[in-house]
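Everything on this sheet refers to the single structure shown next.
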Protein chains: 2
Amino acid sequence: MAVSDQEVRERMDAFMQMCRRSGLRATHQRREVFREVARTEEHPDVETIYRRVRKRVPTVSLDTVYRTLSLLEEKGLLCRLEPFSGRARFDANTDSHHHFICTRCGRVRDFASEQLDDLSVPRELRSWGDVRSVHVQVRGICAKCRG
Amino acid sequence: MAVSDQEVRERMDAFMQMCRRSGLRATHQRREVFREVARTEEHPDVETIYRRVRKRVPTVSLDTVYRTLSLLEEKGLLCRLEPFSGRARFDANTDSHHHFICTRCGRVRDFASEQLDDLSVPRELRSWGDVRSVHVQVRGICAKCRG
DNA sequence: GCCGAGTTAGGAACAGTTCCTATTGAGGCC
DNA sequence: GGCCTCAATAGGAACTGTTCCTAACTCGGC
């Protein structure tokens with residue numbers, strides 16, 4: 001689950017370049033927060049990143065970790081998984097279906113597709129565990145938001 | 001975005017049957033919470049459901065709405081979108097990739113698949129908005145949790 | 001109509017995230 | 001290399017969404 005040294009170095013370079021291009025300061029804190037996410041494939045949560053960064057920068061604050069992660073996401077160096085709005089949403093449609101999500105307003109629309117329902121996933125996944133469901137998330141900007 | 005009366009009736013029947021089968025009380029509050037989710041396709045959040053249910057049951061508490069939604073989810077009458085753990089997780093892999101998610105421990109593993117990358121989504125989606133990305137979420141139980 | 005287990009209302013507690021403000025330090029300029 | 005300025009930080013307070021707690025209530029069986 002560890003990223004190769006070579007890959008980590010490349011990611012750090014991309015980070016430094018982004019800072020220079022955007023006129024942002026490559027502070028010690030920012031470098032260490034990015035490094036922690038860049039060196040693992042385990043998709044750590046904020047608490048985990050905070051704990052690990054504190055080993056190298058004992059005075060770092062949780063808020064700095066949050067601010068830095070948001071900045072890095074905005075600049076396209078990281079992506080955020082899942083919590084999209086922070087609010088749970090519910091759906092009484094229990095048939096198999098997929099979702100179109102507007103990334104601007106958060107609106108979600110269902111769609112069904114037989115073709116997508118019998119998608120075959122790569123064979124390697126079988127060795128990772130039992131597959132229970134395959135769900136396709138299509139992201140974009142809905143017609144209303146596009147204006 | 002409204003569900004047909006016929007469909008709502010069928011969903012309410014399924015709810016009543018589930019209560020009988022599981023020995024749960026079909027209280028006024030539970031019926032109205034379920035009805036609010038069953039009658040719409042807009043995937044409302046808890047706050048929205050609460051606000052609507054209060055019009056019919058002014059004394060209902062927010063906690064009851066939460067409890068009822070969790071119960072209905074557990075019984076398979078509703079599904080919860082997105083917030084999976086409530087925590088944000090980050091990934092420095094910015095190449096296009098998909099996720100295998102263990103629903104027991106929350107572990108996430110990346111996988112790449114050219115075949116999935118050029119999935120074609122139903123044509124109707126084009127009229128809903130601009131599609132920016134297609135992301136496949138495979139859910140299941142990972143080898144570690146399966147034991 | 002009465003009883004008891006299951007359910008609820010309301011508020012307190014909790015967890016994750018964001019905001020606020022005084023202080024600090026990165027990086028351009030001499 | 002040292003100085004200066006403003007962006008960035010630490011630390012704690014505030015906020016938001018969710019869950020827990022307990023006394024009161026109510027549904028459904030008697």
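The chains referred to below are lettered A, B, ... by the order of the sequence lines, with proteins before strands, and numbering in each begins at 1. Reckoned from all heavy atoms, side chains included, excluding hydrogens, waters and symmetry mates. Quick caveat, the model's predicted, so the values are computed rather than measured.
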Euclidean distance, atom CZ of residue A:R51 to atom P of C:dG16 [Å, nearest integer]: 11 Å

Parallel, tilted or perpendicular: ring planes of A:F34 versus A:F15, cut at 30 and 60 degrees: parallel

B:L69 CG to D:dT19 P, straight-line distance once rounded to whole Å: 10 Å

Distance test, side-chain N/O of A:Y66 to OP1/OP2 of C:dT17, below 4.0 Å: yes

Side-chain donor-acceptor pair present, B:Q17, B:R20, cut-off under 3.5 Å: no

Whole angstrom value for the distance that separates C1' of D:dT16 from OH of B:Y50: 15 Å

Is there any protein nitrogen or oxygen under 3.5 Å from a nitrogen or oxygen in nucleotides 8-10 of chain D, and what are the pairs?
from, atom 1, to, atom 2, distance (Å)
D:dA8, OP1, A:R30, NH1, 3.1
D:dA8, OP1, A:R30, NH2, 3.4
D:dT9, OP1, A:T27, OG1, 2.9
D:dT9, OP2, A:R67, NH1, 2.7
D:dT9, O3', A:Q29, NE2, 2.9
D:dA10, OP1, A:Q29, NE2, 3.2
D:dA10, OP1, A:T59, O, 3.4
D:dA10, OP2, A:S61, N, 3.1
D:dA10, OP2, A:S61, OG, 3.3
D:dA10, OP2, A:T64, OG1, 2.5

Whole-Å gap separating C1' (C:dT17) and CZ (B:R89): 17 Å

Nearest-nucleotide 5' precedence on DNA chain C, A:H28 against A:E47: A:E47

SB check A:R109 B:E41 (cutoff 4.0 Å): no

Near-strand residues of residues 12-20 of chain B, defined as heavy-atom separation under 4.0 angstrom from DNA chain D: none

NZ/NE/NH1/NH2 to OD/OE distance under 4.0 Å, B:R67 and B:D63: yes

Cationic N near anionic O, under 4.0 Å, B:R39 to B:E7: no

B:H99 and B:D110 side chains, donor-acceptor separation under 3.5 Å: yes

Between P of C:dT18 and CD of A:E74, the distance in whole Å: 13 Å

Distance in angstrom units between A:R80 CZ and C:dT18 C1', rounded: 11 Å

Mutual orientation of the aromatic rings belonging to A:H98 and A:H135 [parallel < 30°, tilted 30-60°, perpendicular > 60°]: parallel

B:R52 with B:E42: basic N within carboxylate O range, under 4.0 Å: yes

Pair B:Q137, B:R139: side-chain N/O donor-acceptor within cut-off below 3.5 Å: yes

